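One structure is given below, encoded as structure tokens.
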Amino acid sequence: MTIVHESSLLTSLAMAIQSDAVEIIDLTTPLSAATPALRLPAPFANLIDFSLEEVSAYNESGPYWKHNNIHTGEHVGTHIDAPIHWISGRDSHDVATIPLKKLIGSASVIDLSAEAEKNPDFLLEVEHVKAWELEHGQLEENTWLLFRTGWDQYSSDEARFLNADTTGPHTPGVSVECAKWLANETKISGFGVETVGIDAGGAAGLDPAFPMHYFLLGKNKYGLTSLQNLAQLPPVGSIIVVSPLPIVGGTGSPTRVFALVDRSTES
């Protein structure tokens, strides 16, 4: 007897992916010992870098298999910031309890890479987001707002990626006013960047310090860092999938992030 399965939304999606009508774009920085990581000045403590420790490799320790231990901080490479990462969100979600519906949503890409190229200390302002909304529509509920600055081009060179001098790091980010507005006046799920953190390199000198961490995580929203390939996404219309490890008590996690882009209407 032949069983005929009716077409469904999910079946259609799977077929579209296989036919390349829907393209999967990896937004994740490869994770290795060379992956750039945040460097805090003394007296603050830093996370350990990512490393692999061989346990066996088809040898006496394991003749038929190879496996490793991994050593890493939670906030290394492409990673998610959970609310409890910051003092303003200390009573909210750890990374294991972030609702799954918040980890899949529409992606809205605001591209200010030209401005960031001219000024590495460039800050996103409310007026930039409102101008984007006039062109592309209001930010939808549970959208992930992705801030394209072109900074992913430096991700293989830690010195250039962190861009620090005697006055501190210089990387683009978000102003205090915009951080507060995104946290309080929008219904986005989270905010993603190509830089090492969701705040600007000079955010320690703002009031409050590190305003994206303070306001966004304090409103039970989430951050994504060290993203790649945002240039391949349209301003609206794609779907983002965020897949952190469900670390119990974790303040964050290295995360695989990818986007689904509809190519079926392209010529």
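Since the model is a prediction, treat every value here as computed from it, not as a measurement. Numbering starts at 1 and runs along the sequence shown.
- Here the closest heavy-atom approach between residue Pro120 and residue Trp151 is recorded as CB-CH2, 3.9 Å.
- Contact annotation: the side chain of Ile198 approaches that of Thr225 to within less than 4.5 Å [non-hydrogen atoms, C-beta and beyond].
- Applying the 6.0 Å contact sphere to CG of Leu134 captures more than 12 heavy atoms from other residues, nucleotides or ligands.
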Check step by step if side-chain contact (heavy atoms from CB on, under 4.5 Å) holds for Phe215 and Leu182. CA-CA 8 Å; Phe215 290 117; Leu182 288 171; over 6 Å; no

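- Put simply, the side chain of Arg263 does not reach to within 4.5 Å of the side chain of Asp20, judged on heavy atoms.
- Between the NZ atom of Lys130 and the CD atom of Glu125 there is a distance of 12.0 Å, given to the nearest 0.5 Å.
- Counting heavy atoms from C-beta outward, Val22 and Ser264 have side chains that stay 4.5 Å or more apart.
- One N or O on the side chain of Thr78 and one on the backbone of Ser226 form a donor-acceptor pair closer than 3.5 Å.
- Hydrophobic clustering (ILVMFWY, side-chain heavy atoms < 4.5 Å, transitive): Ile70 and Ile48 are in distinct clusters.
- Between the side chain of Thr167 and the main chain of Asp165, no donor-acceptor pair closer than 3.5 Å is present.
- Under the 4.5 Å side-chain heavy-atom criterion for ILVMFWY residues, a single connected hydrophobic cluster contains both Ile188 and Ile110.
- Considering OG of Ser156 and CD of Glu158, their distance stands at 11.5 Å, rounded to 0.5 Å.
- Side-chain contact, Asn163 with His170: no donor N or O sits under 3.5 Å from an acceptor N or O.
- Transitive grouping of hydrophobic side chains (ILVMFWY, heavy atoms separated by less than 4.5 Å) brings Leu162 and Phe44 into a common cluster.
- Defined by atom type and a distance below 3.5 Å, a donor-acceptor pair is present between the side-chain atoms of Thr251 and His75.
- Looking at Arg90 and Ile84, their side chains never come closer than 4.5 Å, going by heavy atoms from C-beta outward.
- Of all heavy-atom pairs between Asp199 and Met212, the closest is OD1-N, 2.9 Å.
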Pair His128-Phe147, ring pair (Phe, Tyr, Trp, His ring centres under 6.0 Å): steps then yes or no: CA-CA 11 Å; His128 296 126; Phe147 182 27; 8.4 Å; no

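- Note that the CD atom of Glu54 and the CG atom of Asn68 stand 6.5 Å from one another [nearest 0.5 Å].
- Residues Leu13 and Met15 are members of separate hydrophobic clusters, defined by side-chain heavy-atom contacts under 4.5 angstrom among Ile, Leu, Val, Met, Phe, Trp and Tyr.
- The shortest heavy-atom contact between Pro169 and Asp121 is O-OD1, 4.4 Å.
- Side-chain atoms of Ile239 and Ile104, non-hydrogen and from C-beta on, do get closer than 4.5 Å to each other.
- Residues His85 and Glu74 form no side-chain contact, since every pair of their non-hydrogen atoms from C-beta on lies 4.5 Å or further apart.
- Considering every non-hydrogen atom in both His93 and Pro99, the closest pair reads NE2-CD, 3.8 Å.
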Tabulate below the donor-acceptor pairs under 3.5 Å that side-chain atoms of residues 135-142 make, not counting sequence neighbours, or state none.
residue : atom : partner : partner atom : Å
Asn142  : OD1  : Lys102  : NZ           : 2.8
Asn142  : OD1  : Ser189  : OG           : 3.3

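- Applying the side chain to side chain contact (heavy atoms under 4.5 Å, CB included) rule to Asp26 yields the partners Thr28, Arg256; only residues at least two apart in sequence or on another chain are considered.
- Summarising the local packing, CD of Gln18 is surrounded by 12 or fewer heavy atoms from other residues, nucleotides or ligands at distances under 6.0 Å.
- A donor-acceptor pair under 3.5 Å is absent between the side-chain atoms of Thr143 and the main chain of Lys187, judged by distance alone.
- The aromatic rings of Phe210 and Trp86 sit perpendicular, their planes meeting at an angle over 60°, well past the 30° parallel limit.
- In this structure, Tyr154 OH and Arg160 CZ are separated by 4.0 Å, a value rounded to the nearest 0.5 Å.
- Here OG1 of Thr29 is found 6.0 Å from CZ of Phe161. Values are rounded to the nearest 0.5 Å.
- Cluster partners of Leu146, by chain and number: Ile25, Leu27, Ile80, Val95, Ile98, Leu100, Leu103, Val109, Trp144, Tyr222, Leu224, Leu227, Leu230, Leu233, Ile240, Val242, Leu245, Ile247, Val257, Val261. The rule joins Ile, Leu, Val, Met, Phe, Trp and Tyr whenever side-chain heavy atoms lie under 4.5 Å apart.
- For the pair His67/Ser56, a side-chain contact is recorded, criterion being any heavy-atom separation below 4.5 Å from C-beta on.
- The two residues Gly197 and Val193 have their closest heavy-atom pair at O-CG2, 3.4 Å.
- In the hydrophobic clustering of ILVMFWY residues, with side-chain heavy atoms under 4.5 Å counting as a link, Ile87 and Leu217 come out together.
- Looking at heavy atoms from C-beta onward, Val126 lies out of side-chain contact with Glu185 at the 4.5 angstrom threshold.
- Ser108 and Val236 get closest at one heavy-atom pair: OG-CG1, 4.3 Å.
- Distance check, rounded to the nearest 0.5 Å: CG of Leu31 to CG of Leu52 gives 8.5 Å.
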Determine, step by step, whether Phe191 and Thr186 satisfy the side-chain contact (heavy atoms from CB on, under 4.5 Å) criterion, reporting the C-alpha distance in whole Å, the side-chain angles of both residues, the deciding distance to 0.1 Å, and the verdict. CA-CA 11 Å; Phe191 184 80; Thr186 75; over 6 Å; no

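- Surrounding CZ of Phe122 are more than 12 heavy atoms belonging to other residues, nucleotides or ligands, all under 6.0 Å away.
- One N or O on the side chain of Asp94 and one on the backbone of Gly249 form a donor-acceptor pair closer than 3.5 Å.
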